Structure formats: C-alpha cells, structure tokens
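Please read the structure below before turning to the comments.
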Protein chains: 2
Amino acid sequence: MKFMRPLFHPAIEDIRPEAILYALSDPERVAIFTQLAAGCGVTCSALADLGERTIPKSSLSNHFKVLRESGLIRSERQGVEMRNQSRCAELDERFPGLIEAILTAYRQRPGQPKAD
Amino acid sequence: MKFMRPLFHPAIEDIRPEAILYALSDPERVAIFTQLAAGCGVTCSALADLGERTIPKSSLSNHFKVLRESGLIRSERQGVEMRNQSRCAELDERFPGLIEAILTAYRQRPGQPKAD
DNA sequence: TCAATAGTTCCGAATTTCCGAACTAAGGAA
DNA sequence: TTCCTTAGTTCGGAAATTCGGAACTATTGA
C-alpha cells in the first residue's frame with residue numbers, strides 16, 4: 001500500500017517567478033490564494049465553492065499542491081484537516097511588490113476604465 | 001488555399017491578468033518580452049537564440065502569438081519582417097506596477113539573498 | 001518570373017490537465 | 001479495539017495543450 005508523501009515546501013530562496021506566475025495564471029487558484037492572503041478560510045474544503053461552480057475534491061487538492069510547491073502557501077496538517085497560510089510576507093521580501101501587484105490586477109478585473 | 005489570419009490585438013480594457021501571467025510564466029517568452037520592453041531586437045528571428053538553445057521557428061511564432069493575444073506586445077508587418085513592440089505604457093496604466101514587478105522578479109532570478 | 005527571407009499554419013507526438021473513483025490518515029464513538 | 005466519519009491524496013484514463021518539423025503564405029528584390 002502507498003503512503004502519502006510528506007508535503008513539500010520550497011525554501012524561500014528556491015522560489016522561482018515562473019512557478020508563481022504559472023500558479024496565479026489560474027483564476028480558481030487566484031481566488032483561493034486571495035482568501036488565504038486575506039487570512040480567511042484556511043482549510044481546503046472551506047474554499048470549495050468560490051466562483052460559479054463547486055470545484056471537485058481532487059482538483060482542489062491539486063490547486064493547493066500547485067500553490068504550495070510554487071511557494072505561495074504553506075500547508076500543515078492539523079488533525080483531520082489542513083491549515084493553509086499564504087507566504088506573503090516572505091515573498092514580498094524576495095520579490096518586492098510582486099504579489100501585491102498581481103492581486104491588485106485581478107481585483108481590477110472587468111474592463112473598467114481607470115477612474116482618474 | 002488558406003490565407004493568413006490578420007493579427008489580433010486585444011483592446012487595452014479587454015486584457016485579462018490571467019493571460020498576462022500565463023504568457024509570462026514561460027522563461028522563453030519572458031526573455032523575448034524583456035528584450036522588447038528594453039526596446040531592442042524587434043523582429044522575431046532576431047530573438048531566436050536567447051538562452052542555451054535555438055528556438056524553432058514555429059515555437060517562436062507561437063510565443064509571439066501568445067504575447068500578442070495576451071496584450072503584452074503589438075506586432076505589425078513591415079515588409080517581409082515583423083515589428084514588435086511592448087505595450088508597457090498602456091499596461092502600466094491598466095495594471096499599475098504589474099509588469100515592472102514581474103520583470104524585476106525575473107531579474108532577481110537565482111537564489112540570491114537580498115542584499116540589505 | 002524566380003529566388004530568398006520572414007513568419008504562419010498544419011498536424012501528429014508528447015506532455016499536461018482534469019476529475020471520478022479508490023485510497024490514506026486522523027479523530028471520535030461505542 | 002473496531003467501525004464510522006471527515007479531510008484530503010493518489011491513481012488512472014480521457015480531454016485539452018504544447019511542441020516542433022514540414023509545408024505553406026506573403027513580401028521584397030534580382
């Protein structure tokens with residue numbers, strides 16, 4: 001029988017920009033990450049229905065894995081469930097302004113002309 | 001016989017962050033875009049060998065298409081060749097700080113601890 | 001008209017993503 | 001202990017994407 005692999009987290013200095021951009025090029029993952037960055041909804045299943053559809057368990061699990069292995073979040077088992085937290089602070093040290101700019105871009109979403 | 005489709009460029013307000021992040025999650029495309037953003041090497045083939053390998057023509061063409069349709073660059077035929085330019089200025093209006101932060105992140109590339 | 005150059009399109013192979021089903025892992029309850 | 005439940009992971013196959021060589025288009029110049 002197969003055992004679950006322990007969760008992998010890259011060291012801050014091993015985090016690569018392409019992995020971050022790739023992870024955040026998926027709107028579902030962005031939605032998840034946004035929640036985590038805001039400090040809410042820390043478990044996996046708590047984030048199952050964000051947009052119009054309910055994300056299947058296995059897809060959700062995969063999203064978390066992508067976020068984790070890209071270095072965007074940290075996950076840790078706590079009893080039956082999983083505590084997830086964003087690594088925003090560390091990330092901002094390594095890539096100043098990056099996460100902020102990305103989340104801001106997504107917030108601006110639909111073709112809104114800038115209010116100036 | 002098939003005709004070539006005219007080049008598509010999204011209007012500035014139709015540019016979506018996910019497309020930008022996806023386009024720039026590929027190091028080869030980032031290398032191309034970086035050159036364009038710096039104002040150099042405007043044709044396709046001029047950018048064929050950026051890293052260790054020579055990028056095949058069809059792949060290059062596809063990279064440019066992805067960059068173009070995500071809204072990162074503007075391409076225009078000029079005689080036999082293609083003039084490409086980044087849409088940095090427009091983009092920075094729409095998504096302030098985004099492109100800058102991304103290119104800075106890539107510049108910082110290998111596991112360099114911040115010099116402070 | 002023909003040749004050369006620059007880039008695009010086609011299409012098959014290889015890779016990646018998606019998600020249902022089966023599984024693991026931990027916490028109760030009896 | 002054994003069974004149940006809940007939370008999430010892994011497996012595996014179908015669907016979608018990506019990659020790149022070969023053929024094609026478009027333009028210039030001889």
Side-chain angles (χ1 to χ4, degrees), chain A residues 1-9 16 18-19 21-33 35-36 41-70 73-85, chain B residues 1-9 16 18-19 21-33 35-36 41-70 73-85:
Chain A
M1 65 185 75
K2 276 279 179 77
F3 286 85
M4 286 186 189
R5 300 174 191 107
L7 303 177
F8 171 73
H9 294 92
R16 288 165 319 127
E18 53 265 49
L21 292 228
Y22 174 75
L24 295 181
S25 69
D26 178 310
E28 285 183 346
R29 279 193 293 264
V30 173
I32 294 171
F33 182 72
Q35 294 290 308
L36 294 178
V42 268
T43 70
C44 277
S45 46
L47 299 168
D49 6 60
L50 287 162
E52 17 264 33
R53 69 162 196 145
T54 296
I55 307 172
K57 249 155 65 114
S58 58
S59 303
L60 244 197
S61 178
N62 189 59
H63 283 330
F64 275 88
K65 184 182 175 191
V66 171
L67 290 170
R68 186 164 56 237
E69 302 197 338
S70 72
I73 68 171
R74 211 177 272 287
S75 317
E76 154 186 30
R77 179 151 226 161
Q78 200 130 74
V80 235
E81 54 186 32
M82 208 72 148
R83 303 267 111 187
N84 296 288
Q85 53 183 314
Chain B
M1 66 185 75
K2 274 281 178 72
F3 287 84
M4 285 187 190
R5 298 171 193 112
L7 303 176
F8 171 73
H9 294 92
R16 288 167 316 130
E18 53 266 48
L21 292 228
Y22 174 74
L24 295 181
S25 70
D26 179 312
E28 285 183 347
R29 278 192 294 263
V30 173
I32 294 171
F33 182 71
Q35 294 289 308
L36 294 178
V42 267
T43 72
C44 276
S45 48
L47 299 167
D49 7 62
L50 285 161
E52 19 262 33
R53 70 163 194 143
T54 297
I55 308 172
K57 250 154 65 117
S58 59
S59 303
L60 244 197
S61 177
N62 188 59
H63 282 330
F64 274 89
K65 183 182 176 190
V66 172
L67 290 170
R68 185 165 54 238
E69 302 197 337
S70 71
I73 68 172
R74 210 178 273 287
S75 316
E76 154 187 30
R77 179 152 227 164
Q78 201 131 72
V80 236
E81 53 186 33
M82 209 71 149
R83 303 267 108 187
N84 296 286
Q85 53 183 316

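These numbers were taken from a predicted model, which means no experiment stands behind them. A note on names: the letters A, B, ... follow the listed sequences, proteins ahead of strands, and every chain is numbered from 1.
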[X] [atom1] - [N] [atom2] separation (whole Å):
X: B:His63; N: C:dT8; atom1: NE2; atom2: P; result: 13 Å
X: B:Ile55; N: D:dG20; atom1: CD1; atom2: P; result: 9 Å
X: A:Phe8; N: D:dT9; atom1: CZ; atom2: P; result: 16 Å
X: B:Asn84; N: C:dA6; atom1: CG; atom2: C1'; result: 12 Å
X: B:Leu7; N: C:dT8; atom1: CG; atom2: P; result: 7 Å
X: B:Glu76; N: D:dT27; atom1: CD; atom2: C1'; result: 15 Å
X: A:Lys57; N: D:dT6; atom1: NZ; atom2: C1'; result: 8 Å
X: B:Arg68; N: C:dG7; atom1: CZ; atom2: P; result: 11 Å

Enter the distance from [X]:[atom1] to [Y]:[atom2] here, rounded to the nearest 0.5 Å.
X: A:Leu67; Y: A:Ile73; atom1: CG; atom2: CD1; answer: 5.0 Å
X: A:Asp26; Y: A:His63; atom1: CG; atom2: NE2; answer: 5.0 Å
X: B:Leu36; Y: B:Phe64; atom1: CG; atom2: CZ; answer: 5.5 Å
X: B:Arg68; Y: B:Ser61; atom1: CZ; atom2: OG; answer: 7.0 Å

Polar side-chain contact A:Ser61-D:dG8 base: donor and acceptor under 3.5 Å: no
Side chain of B:Glu81: nearest nucleotide among C:dA6, C:dA22, D:dT10?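 Nearest to the side chain of B:Glu81 among the choices is C:dA6.
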Closest listed nucleotide, where the reference is the side chain of A:Tyr22 and the choices are C:dA21, D:dG8, C:dT17: C:dT17
Side-chain N,O ([X]) to OP1/OP2 ([N]) below 4.0 Å:
X: A:Ser59; N: C:dC19; answer: yes
X: A:Ser58; N: C:dG20; answer: no
X: A:Arg53; N: C:dC19; answer: yes

Which comes earlier along DNA chain D counting from the 5' end, the contact point of A:Val80 or that of A:Asn62, where each point is its nearest nucleotide?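 The 5'-side residue here is A:Val80.
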Return whichever of B:Arg77 or A:Glu28 has its heavy-atom-nearest nucleotide of DNA chain C closer to the 5' end. B:Arg77
Considering all heavy atoms of both residues, which atom of A:Ser25 and which atom of B:Glu18 are nearest to each other, and what is their separation?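 Taking A:Ser25 first and B:Glu18 second, the nearest heavy atoms are O-CB, 3.4 Å.
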